[in-house]
Every structure is written in C-alpha cells, then in structure tokens.
Amino acid sequence: MRAHQDLVYSTAVRITANDAQAQDIAQEVFIKAYDNFDQLRNNPSAGGWLRVVARNLSLNYAMRQRKRWRLFSELSSAGEEDAEDFAAGIAVPDAALDGASEQTRSELIERALRALPERQRVPLVLYHFEGMAYEEIAQYLRVSLAKVKVDIHRARAALVKILEQCGITAEDVTT
Amino acid sequence: MTEPDPTSERELERSVARLLENQPLRRAPAELSERVWAQLERRAARPWWHAHFSEWPAAARAAFALVSLAAMTVALLATSRFPALLGADFSFDLSRGLAIWRALTIVAGSLAEGISAAWLHALIATIALLYVAFFGVGAATYRALSEQR
C-alpha cells in the first residue's frame with residue numbers, strides 16, 4: 001500500500017481538488033484492493049489497476065459535483081474566466097520568482113491547477129497526467145469532443161497565464 | 001463551439017506538457033494507511049449479517065433463500081384463500097372498473113365547468129408564482145450555503 005499511496009492520492013486530489021475527498025477516495029481504493037488482494041498480490045500491473053480505480057472513483061465524485069453545481073453555478077458564468085482572478089487567489093511567496101526551488105515550483109503548479117474551474121481542470125488532468133486521448137475524455141465525461149478540446153485549451157491558457165504571473169514558464173521548467 | 005487554432009494549440013500543449021511532465025506525485029497524508037487499516041478492522045469486526053449478502057456464509061445464504069421461499073409460498077396461499085375466508089367475491093370486474101372511471105371523469109368535468117375562467121387563471125398564476133418563489137428561495141439558499149464552504 002505504501003508503494004502506491006502517493007500515486008492513488010495524487011490521482012484523486014488532482015481530479016477532485018479536494019484533500020478530504022481525495023483521502024476518502026484513496027481509502028476506498030485500498031479497501032477495494034484489499035478485497036481483490038488475491039488477484040493483485042503478484043500482479044505487476046497492480047499500480048495501473050489502483051490508478052484506474054482511483055480515476056474512476058474521482059470522476060464519479062466530480063460528475064456528482066457537476067450535476068449538483070450545473071443548475072445554479074454554470075448558468076451564471078460564461079465559461080471564459082479571467083486567469084487574473086485565479087492568480088489573485090494564489091498567494092505567491094517572494095521566492096517564487098527567479099530563485100524558485102523545485103519544490104516551490106511544484107507547489108505553485110499544483111495550486112494553479114487547483115485554481116482552475118472543475119470543467120477545465122478535470123479534462124486537463126485526464127489528458128496531461130492520466131494520458132487519456134481527447135475522444136476517451138469526451139466519452140468518460142459524456143460531453144462532446146469539441147467541448148473537451150475547448151475546455152482543455154482554456155485550461156492550458158489559464159494555467160500558463162497564472163504560472164507566468166508567478167514567474168514560471170515552460171522554459172524555466174526544462175532547464 | 002469553436003475549436004482552437006491547431007498551430008497555436010500545439011505550442012500551448014507543448015508548453016503545458018513541459019510544465020507538467022516532471023511534476024512529482026502529491027504526498028499522501030501520513031494518516032491514510034492508518035485510516036485504511038482502521039476501516040478494514042471495523043469491517044472485520046461487524047457481524048456477518050451487517051455485511052453485503054454476497055459476503056454472508058454459504059449456510060446463512062442458503063437458509064435465507066429457503067426461508068424467503070417458504071414465506072412467499074405462505075403469502076401466496078394466504079392471499080388466494082383470503083376472499084373465501086371472508087365469504088366475499090373479490091374477482092375483478094372490468095366493466096365495473098370502467099363505470100367507476102366514467103363516473104369520476106363526469107364529476108371532474110362538471111367541477112371544471114363550474115369554475116369560472118377568472119378563478120382558473122388566478123389558480124394557475126398562484127401556482128406559477130409559488131413555484132418561482134420556491135425556486136428562487138431554493139437557489140438563493142443553495143448559493144448562500146455553498147459559498148460559505
């Protein structure tokens with residue numbers, strides 16, 4: 001369990017953006033793993049199994065949230081949020097600029113991801129962290145392919161903008 | 001819904017991929033494993049009849065199936081003999097059912113004719129107003145409570 005707990009928790013927390021919910025999901029994943037222990041004990045793809053279960057449970061949670069919010073929240077927003085609004089909610093430490101350590105940079109990226117609205121964050125995480133194709137994401141989220149592409153595009157643009165405001169660019173990361 | 005320009009989208013995708021590709025895993029809270037073990041212990045400690053039916057012992061499942069079958073048989077026998085015990089004829093008569101339905105529609109029709117159009121409109125307007133009011137109150141409460149979270 002210890003070998004995979006970070007993987008399971010990361011999957012859940014990136015999709016849900018909710019620590020408490022991610023812990024509940026991770027707990028449920030490991031209970032399921034315990035129930036299927038005989039199959040997983042000597043299975044080299046146990047990590048993949050855990051990841052898929054964590055992803056599915058997290059998406060179930062996200063879908064439930066989406067249904068709950070759609071009526072009152074999504075009707076009121078046009079869908080194109082201003083990245084400055086998100087960036088304003090992220091407290092950037094002074095060290096975040098030029099001399100940012102790897103850890104600070106990673107934390108800022110996680111916080112920027114978390115600041116994205118759910119309808120943008122979830123497809124972005126599925127694409128970039130879970131390695132899913134656009135078509136697969138559309139199928140999973142039961143939305144059109146065009147919507148997935150547009151949401152991911154907006155998420156990328158917002159993420160880059162937020163991180164630029166925090167002094168992080170793609171070039172910094174590669175160096 | 002307009003799809004983004006493919007060229008600029010590819011550049012943006014590359015930039016974001018570079019930003020995210022080496023992102024380390026989030027560290028799971030230290031108490032996660034304790035929570036899982038505690039939950040497993042709680043589950044193991046609960047009596048078997050609180051568990052899912054598929055987890056019941058085979059003998060208990062077989063006994064439950066037999067008892068259910070017996071209960072169903074008794075219930076069916078009792079219902080089939082109930083009218084005879086009361087000495088009444090409970091057989092279903094379709095023509096009687098239709099006659100009752102016709103009588104009900106006639107009563108409803110005469111009631112509707114008796115109500116003036118003004119009253120009918122006022123009633124519909126009141127219902128609509130109440131619906132809108134409840135919807136508004138519900139939406140406002142939901143937003144107020146969810147914003148506090």
Side-chain angles (χ1 to χ4, degrees), chain A residues 1-2 4-14 19 22-24 26-31 33-35 68-69 71-73 75-76 79 102-103 105-106 109-110 112-113 124-125 127-129 144-147 149-157 159-160 163 168-174, chain B residues 1-46 51-56 131-132 134-149:
Chain A
M1 179 181 158
R2 289 191 198 283
H4 298 294
Q5 64 180 13
D6 289 350
L7 171 77
V8 168
Y9 179 73
S10 297
T11 304
V13 83
R14 281 175 183 152
D19 293 328
Q23 277 197 59
D24 287 348
Q27 178 179 325
E28 206 177 327
V29 172
F30 286 113
I31 300 281
Y34 179 83
D35 291 338
R68 208 174 292 166
W69 275 96
L71 186 61
F72 300 129
S73 303
L75 286 176
S76 62
E102 279 301 315
Q103 196 187 345
R105 189 174 286 147
S106 297
I109 291 174
E110 292 293 342
L113 273 172
L124 183 86
V125 167
Y127 186 88
H128 284 284
F129 287 102
S144 68
L145 181 61
K147 178 166 170 50
K149 286 184 178 174
V150 169
D151 283 346
I152 291 180
H153 168 75
R154 285 177 180 163
R156 283 175 182 146
L159 189 73
V160 166
L163 292 173
I168 298 172
T169 62
E171 287 69 34
D172 294 337
V173 174
T174 49
Chain B
M1 196 168 290
T2 320
E3 287 190 20
D5 168 50
T7 316
S8 63
E9 184 57 23
R10 267 196 296 277
E11 280 170 29
L12 189 59
E13 181 181 343
R14 268 198 294 274
S15 298
V16 172
R18 246 179 287 162
L19 283 165
L20 302 181
E21 67 188 354
N22 293 321
Q23 191 65 0
L25 292 175
R26 292 281 305 273
R27 192 176 290 270
E31 67 269 20
L32 178 63
S33 56
E34 287 165 27
R35 279 183 54 168
V36 172
W37 287 118
Q39 174 67 17
L40 287 172
E41 277 167 19
R42 267 197 303 276
R43 218 174 61 158
R46 74 186 170 182
H52 190 268
F53 183 70
S54 61
E55 294 167 24
W56 283 18
Y131 182 81
V132 170
F134 277 123
F135 188 83
V137 168
T141 311
Y142 184 88
R143 294 206 76 156
L145 292 175
S146 60
E147 275 166 16
Q148 285 172 8
R149 282 188 302 185

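Throughout, a chain's letter reflects where its sequence line sits, starting with A, and its residues are numbered from 1.
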Enter the distance from [X]:[atom1] to [Y]:[atom2] here, rounded to the nearest 0.5 Å.
X	Y	atom1	atom2	answer
A/R156	B/L20	CZ	CG	9.5 Å
B/Q23	A/R105	CD	CZ	10.5 Å
A/Q23	B/R35	CD	CZ	5.0 Å
B/E31	A/Q27	CD	CD	10.5 Å

### Task
Determine, stepwise, if the pair A/F30 / B/Q39 fulfils side-chain contact (heavy atoms from CB on, under 4.5 Å).
CA-CA 10 Å; A/F30 286 113; B/Q39 174 67 17; over 6 Å; no

So do the side chains of [X] and [Y] get within less than 4.5 Å of each other, counting heavy atoms only?
X	Y	result
A/Y9	B/L25	no
B/V36	A/E28	no
B/V16	A/H128	yes

### Task
Tell me, please, which residues at least two apart from A/A12 pass side chain to side chain contact (heavy atoms under 4.5 Å, CB included).
A/A22, A/I25, A/S58

### B/R43: partners by side chain to side chain contact (heavy atoms under 4.5 Å, CB included), with sequence neighbours left out
A/I31, A/Y34, A/D35, B/L40, B/R46

### Message
Please check if the number of heavy atoms outside B/Y131 that lie under 6.0 Å from its OH is greater than 12.
### Response
no

### Task
Heavy atoms only: give me the nearest A/R14-B/P24 pair and the separation to one decimal.
NH2-O, 2.7 Å

### Message
Under a 4.0 Å threshold between the charged nitrogen and the carboxylate oxygen, would A/K149 count as salt-bridged to B/E9?
### Response
no

